[in-house]
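Report on the structure given below.
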2 protein chains.
Amino acid sequence: MEKKKRKRLDEKGWKVRSVSEFLGLSEDEERVVELRIALSDALKKQRLNAKLTQEGFARMLNSSQSRVAKMEAGDPSVTFDLLIRSLFRAGIDRRKLSKIIAA
Amino acid sequence: MEKKKRKRLDEKGWKVRSVSEFLGLSEDEERVVELRIALSDALKKQRLNAKLTQEGFARMLNSSQSRVAKMEAGDPSVTFDLLIRSLFRAGIDRRKLSKIIAA
DNA sequence: GCTTATTATGTCAAATCTGACATAAAATAA
DNA sequence: TTATTTTATGTCAGATTTGACATAATAAGC
């Protein structure tokens, strides 16, 4: 957030919180959420790069359109297992996965 | 496997297979198994480094000794979610996780 | 506008996971 | 050796996940 804006809000009595502060997440939970989002984004990029619809992508993953939508949305009902298996299936190898996580 | 040994076995009519060939794993499943092992090993290293027993480690993770044993053994009943959450809880950050996966 | 395609959201039964427990096996100490 | 500690393995009820489906919302084409 821009510094000036933060100052303005602060002066008005707003407490500026990060998403994690707002949701009351622990450090670990925060890391989990952020990592999930990183993998979600990577998965969506892979799909778009392959010019597939969620429907077509789902077939390739033996899953469903709705689940792909949830994966890409970082829905909490989606596990790392599903994301990682999907990334592998979508052609991401371990080295690439490593880079995604580092970023 | 050592080349000479492979040759000897081959001459005796043994077909030398990798673990994956033996189990009939697909490329993707193979990657999943190998990654699970990498994370398992890293988790065990963390525990030993902290000089904790599985029992003590389990308390720290809000889990149980038997589950920690399964985590370290790469048991298929252990998800990436559990492994990753445990690694985070054990002090591994995203950058370190990335390196573990790259290795 | 209207139609079609794509994506998002809610729900649920079946499948999978997990902490907990018992207990066996292995390691370590005494 | 025999205790004691630590780790491994099997099991299971309760919790979570997932593909599938329906359907709503949005975007794309015309």
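In the text below, chain A, chain B and the rest are named by the order of the sequence lines, each starting its count at 1.
At least one donor-acceptor pair closer than 3.5 Å links the side chain of B/Arg36 to the backbone N or O of B/Val78. With A/Asp81 contributing its side chain and B/Thr79 its backbone, the two residues share no donor-acceptor pair below 3.5 Å.
Here the P atom of nucleotide D/dT17 and the CG atom of A/Leu61 are 19 Å apart, to the nearest Å. Taking atom CZ on B/Phe57 and atom P on D/dA8, their separation rounds to 13 Å, with Å as the unit. A/Met71 places its CE atom 14 Å from the P atom of D/dT17, with the value rounded to the nearest Å. Computed from coordinates, the B/Asn62 CG to D/dT16 C1' distance equals 17 Å when rounded to whole Å. One can place CG of A/Asp81 at 9 Å from C1' of C/dC17, the figure rounded to the nearest angstrom. Between the P atom of D/dT16 and the CG atom of A/Asp75 lies a distance of 14 Å, rounded to the nearest Å. Here the C1' atom of nucleotide D/dT16 and the CZ atom of A/Phe80 are 15 Å apart, to the nearest Å.
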Show every donor-acceptor pair shorter than 3.5 Å between a side-chain atom in residues 55-63 of chain A and any protein atom, with sequence neighbours excluded, or say none if there are none.
residue : atom : partner : partner atom : Å
A/Glu55 : OE2  : A/Arg59 : NH1          : 3.4

Open item on the list: Under the criterion side chain to side chain contact (heavy atoms under 4.5 Å, CB included), I'd like the reasoning laid out for A/Phe88 against A/Leu97: C-alpha separation, chi angles, the key distance, then a yes or no.
Closed with: CA-CA 9 Å; A/Phe88 281 160; A/Leu97 177 60; 4.2 Å; yes
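Among the atoms of the strands shown, only primed sugar atoms or phosphate atoms (P, OP1, OP2) are found under 4.0 Å from some heavy atom of B/Ser63.
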TODO: Would you give a per-nucleotide map of nucleotides 5-13 of chain C, 5' to 3', where B means the base has a protein non-hydrogen atom under 4.0 Å away, S means only the sugar-phosphate does, and - means neither?
DONE: -SBBBBB--
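Note on A/Arg47 versus A/Glu72: salt bridge recorded, some NZ/NE/NH1/NH2 to OD/OE distance being below 4.0 Å.
Listed nucleotides: D/dT18, D/dA20, C/dG19. Nearest to the side chain of A/Leu82: D/dT18.
A sub-4.0 Å separation between OP1 or OP2 of D/dT17 and a side-chain N or O of B/Thr79 is absent.
Side-chain contact check for B/Asp75 and B/Ser77: at least one donor-acceptor pair (N or O, by modelled atom type) lies under 3.5 Å.
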